[in-house]
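This report refers to the structure that appears directly beneath it.
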Amino acid sequence: MSSPFDEFFGRRRRGSWFPDIDEMMREFDKSFQNAFKNFEQQIPKNLVKERKMDDGSIVRETGPIVWGYSVKIGPDGKPVVRKFGNIDALPNMLGGGVSVKEEREPLVDVIKGTEEVRVVAEVPGVSKEDLRVTANEDSVTIDSITGEPHYHKRVDLPDAVDPKTAKSTYRNGILGVTLKLRSKGSGGIPINID
């Protein structure tokens with residue numbers, strides 16, 4: 001008997017020009033399927049809602065539950081995998097467990113130029129007033145402090161930056177933060193969102 005998860009993972013297209021990445025993704029999918037065995041016990045109570053229907057039956061709704069990953073080839077030629085969502089599966093897959101968090105990790109991309117680093121994050125559904133972005137020389141942290149959905153992500157940067165040079169924009173659910181490269185040496189500072 002197949003589950004909805006088996007159908008989802010079975011639809012994933014196989015075969016491409018990158019056989020090493022395909023093998024990694026097959027192993028990743030297999031581990032992820034195994035991790036879902038005791039999934040319902042891991043869901044936070046505020047993500048489970050029940051409502052009574054007109055006929056007296058009770059419908060149980062769970063979610064939102066969001067999980068995904070992006071893969072790109074880094075400058076060294078190796079794949080870079082970044083996860084997003086509110087399922088913490090990667091550290092628990094080998095042990096067979098999955099945990100669902102109340103907060104989501106946004107989909108994030110880090111683009112390193114010759115003089116700056118740009119962090120682009122998808123954080124739809126919140127206003128810019130609800131976002132708090134801080135930076136230090138090694139990382140950028142993104143939080144939504146009120147409203148739903150709640151986002152949190154600490155993004156490690158590829159090189160040291162000067163957090164005082166940070167500039168950011170937020171339009172249509174896309175947050176962009178640009179920081180100039182520099183040597184290490186200062187603490188985290190808040191970043192205003194334009």
Side-chain angles (χ1 to χ4, degrees), residues 18 20-21 24-25 28 32 42-44 46-47 63-93 98-194:
F18 304 104
D20 293 337
I21 293 175
M24 179 182 72
M25 291 298 125
F28 192 69
F32 197 67
Q42 304 295 328
I43 300 173
N46 69 332
L47 295 180
I65 297 173
V66 179
W67 187 85
Y69 58 90
S70 66
V71 180
K72 72 176 190 177
I73 303 300
D76 58 358
K78 295 181 182 176
V80 176
V81 179
R82 287 197 174 94
K83 69 182 183 84
F84 62 92
N86 61 347
I87 296 180
D88 193 13
L90 292 177
N92 299 320
M93 280 187 178
V98 171
S99 65
V100 179
K101 302 179 289 185
E102 294 180 32
E103 59 195 23
R104 292 188 208 174
E105 290 187 30
L107 177 59
V108 174
D109 198 8
V110 178
I111 305 148
K112 182 182 173 211
T114 56
E115 297 180 13
E116 63 187 22
V117 173
R118 181 162 169 79
V119 177
V120 179
E122 292 184 19
V123 284
V126 296
S127 67
K128 78 174 188 178
E129 293 78 24
D130 291 336
L131 288 173
R132 293 297 172 264
V133 182
T134 58
N136 62 33
E137 71 240 9
D138 299 319
S139 67
V140 171
T141 302
I142 301 165
D143 280 299
S144 61
I145 57 169
T146 59
E148 287 292 327
H150 180 71
Y151 292 99
H152 173 77
K153 178 78 171 182
R154 180 179 179 272
V155 181
D156 293 326
L157 301 175
D159 283 321
V161 297
D162 181 357
K164 293 177 184 171
T165 65
K167 294 183 180 175
S168 68
T169 59
Y170 183 66
R171 288 181 184 75
N172 299 324
I174 306 295
L175 173 69
V177 180
T178 304
L179 305 109
K180 300 256 185 230
L181 292 169
R182 72 162 251 208
S183 61
K184 296 185 179 194
S186 68
I189 62 169
I191 302 169
N192 291 326
I193 302 170
D194 296 330

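In this structure the side chain of Thr134 never reaches within 4.5 angstrom of the side chain of Arg132, judged on heavy atoms. Between Tyr151 and Leu131 there is no side-chain heavy-atom pair separated by less than 4.5 Å. Side-chain contact between Val119 and Leu157 is present, with at least one heavy-atom pair separated by less than 4.5 Å. A 4.5 Å side-chain heavy-atom check between Leu179 and Glu116 finds every atom pair outside the cut-off.
Although no hydrogens or angles enter the test, the distance criterion places no donor-acceptor pair under 3.5 Å between the side chain of Ser144 and the main chain of Val126.
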- Thr141/Arg154 under side chain to side chain contact (heavy atoms under 4.5 Å, CB included): CA gap, chis, key distance, verdict: CA-CA 4 Å; Thr141 302; Arg154 180 179 179 272; 3.8 Å; yes
- Query: Passes side chain to side chain contact (heavy atoms under 4.5 Å, CB included), Lys180 versus Val161? Steps please.
  - Reply: CA-CA 6 Å; Lys180 300 256 185 230; Val161 297; over 6 Å; no
- Message: Pair Glu103, Asp143 - check side chain to side chain contact (heavy atoms under 4.5 Å, CB included), show working.
- Response: CA-CA 9 Å; Glu103 59 195 23; Asp143 280 299; 5.6 Å; no
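The nearest pair of heavy atoms linking Pro163 to Ala135 is CB-O, 3.7 Å. The shortest heavy-atom contact between Val108 and Lys153 is CG2-CG, 4.0 Å. Shown here for Lys78 and Asp76, the closest heavy-atom pair between the two residues is N-OD1, 3.1 Å. The minimum heavy-atom distance linking Asp138 with Asn136 is given by the pair N-OD1, 2.8 Å.
One finds the CD atom of Glu105 at 7.5 Å from the NE2 atom of His152 (value rounded to the nearest 0.5 Å). Interatomic distance, Arg118 CZ to Thr178 OG1, rounded to the nearest 0.5 Å: 4.0 Å. Distance check, rounded to the nearest 0.5 Å: CZ of Arg182 to CG of Asp159 gives 13.0 Å. The CD atom of Glu129 sits 8.5 Å away from atom CD1 of Ile193, with the distance rounded to the nearest 0.5 Å.
More than 12 non-hydrogen atoms from other residues, nucleotides or ligands lie less than 6.0 angstrom from CG of Asp156.
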